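Computed from a predicted model, the values in this text were never measured in an experiment. A, B, ... follow the sequence lines: proteins, then strands. Residue 1 opens every chain.
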Number of protein chains: 2
Amino acid sequence: MARAATTTDAFNAVAEPRRRQILDLLVAGERSVTDLVEALGVVQPLVSKHLRVLREVGLVEVREEGRQRLYRLNGEPLKPIHDWVRQYERTWSSRFDALDDVLEELKQEEEDNGTGH
Amino acid sequence: MARAATTTDAFNAVAEPRRRQILDLLVAGERSVTDLVEALGVVQPLVSKHLRVLREVGLVEVREEGRQRLYRLNGEPLKPIHDWVRQYERTWSSRFDALDDVLEELKQEEEDNGTGH
DNA sequence: ACATTACATACCCATATGGGTATGAGTCAA
DNA sequence: TTGACTCATACCCATATGGGTATGTAATGT
């Protein structure tokens with residue numbers, strides 16, 4: 001077997017710097033492919049291929065408008081990464097004491113509860 | 001060019017599920033290679049190779065003791081991942097309003113300031 | 001001395017990557 | 001209709017992956 005496909009999950013998709021760059025650009029809002037090509041300074045087919053990977057893991061969505069395809073961000077597939085890496089936060093953050101833990105947990109519970117304010 | 005080496009950075013190293021699994025096991029504390037082999041249920045050379053990758057990106061450190069090598073976690077290389085993915089948190093967490101932002105920033109400043117309480 | 005244990009490394013293999021160029025398909029303008 | 005533009009796909013290539021088996025090298029045990 002070779003390495004897992006880049007389209008396996010967000011972990012693999014996001015391992016590529018160029019794809020993170022694309023997501024960083026899309027944070028600001030929708031962008032056409034040509035826009036991204038210009039911003040990244042690479043040939044168009046390459047951008048299209050990266051976008052395909054991001055699409056397949058659900059990190060971007062497309063909207064057709066004339067002959068343009070407008071790509072927009074969808075960060076939700078990043079949540080597993082965030083959740084996983086968050087377990088290790090105390091490892092590098094020496095100042096991560098009991099108070100912080102409580103605050104974190106409260107914040108987490110709030111989010112899990114959904115809309116309930 | 002092919003895909004970036006797994007030893008390029010933590011992003012690539014951690015894209016492999018088995019390597020995340022190893023880190024998850026090391027959170028509990030030091031482990032010998034044989035220990036990990038047993039826990040993972042794969043052949044020893046494969047574990048050694050994964051450990052090599054993790055070592056090269058600084059995610060684990062080794063300590064020799066007799067004929068055993070005890071591996072321990074070092075989470076710091078995960079910080080860039082955490083920092084990057086954190087920007088996107090508001091994307092999936094619909095309940096991430098202005099108050100949360102302020103709290104986040106305060107917390108971040110505190111951490112950046114280091115030990116100063 | 002010899003066997004055993006613990007680990008790393010050397011190979012071999014199939015796979016699919018990121019890069020590139022060339023081409024196809026759809027949309028719009030003259 | 002013809003041409004220009006936007007984008008996706010089809011290929012080709014070098015690379016190194018994750019998986020495996022076989023082998024080497026210390027350290028311990030007898």
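Aromatic ring pairs are classed by plane angle as parallel below 30°, tilted from 30° to 60° and perpendicular above 60°; the pair A:His82 and B:His82 is parallel.
Between B:Asp9 and B:Ile81 the shortest side-chain heavy-atom distance does not fall below 4.5 Å. Taking the side chain as every heavy atom from C-beta outward, A:Leu78 and B:Trp84 approach each other to under 4.5 Å.
The residue among A:Arg3 and B:Thr34 whose nearest nucleotide of DNA chain C is located toward the 5' end is B:Thr34. Between A:Met1 and A:Thr6, it is A:Met1 whose nearest contact on DNA chain C lies nearer the 5' terminus.
B:Val33 and B:Ser48 get closest at one heavy-atom pair: CG1-OG, 4.1 Å.
You can see that DNA chain D meets the heavy atoms of chain A within a 4.0 Å-exclusive cut from D:dA4 to D:dG18, reading 5' to 3'.
There is no side-chain donor-acceptor pair under 3.5 Å between A:Tyr88 and B:Asn74.
Residues from residues 41-75 of chain B lying near DNA chain D, meaning a heavy-atom separation below 4.0 Å, are B:Val43, B:Pro45, B:Leu46, B:Lys49, B:His50, B:Gly66, B:Arg67 in numerical order.
In summary, of the residues considered (B:Ile22, B:Thr7, B:Leu73), a side chain to side chain contact (heavy atoms under 4.5 Å, CB included) with B:Leu54 occurs for B:Ile22 alone.
One distance of note links CG of A:Leu36 with CZ of A:Arg69; it measures 14.0 Å at 0.5 Å rounding.
Side-chain N or O atoms of A:Asn12 include none that pairs as donor or acceptor with a backbone N or O of A:Ala15 at under 3.5 Å.
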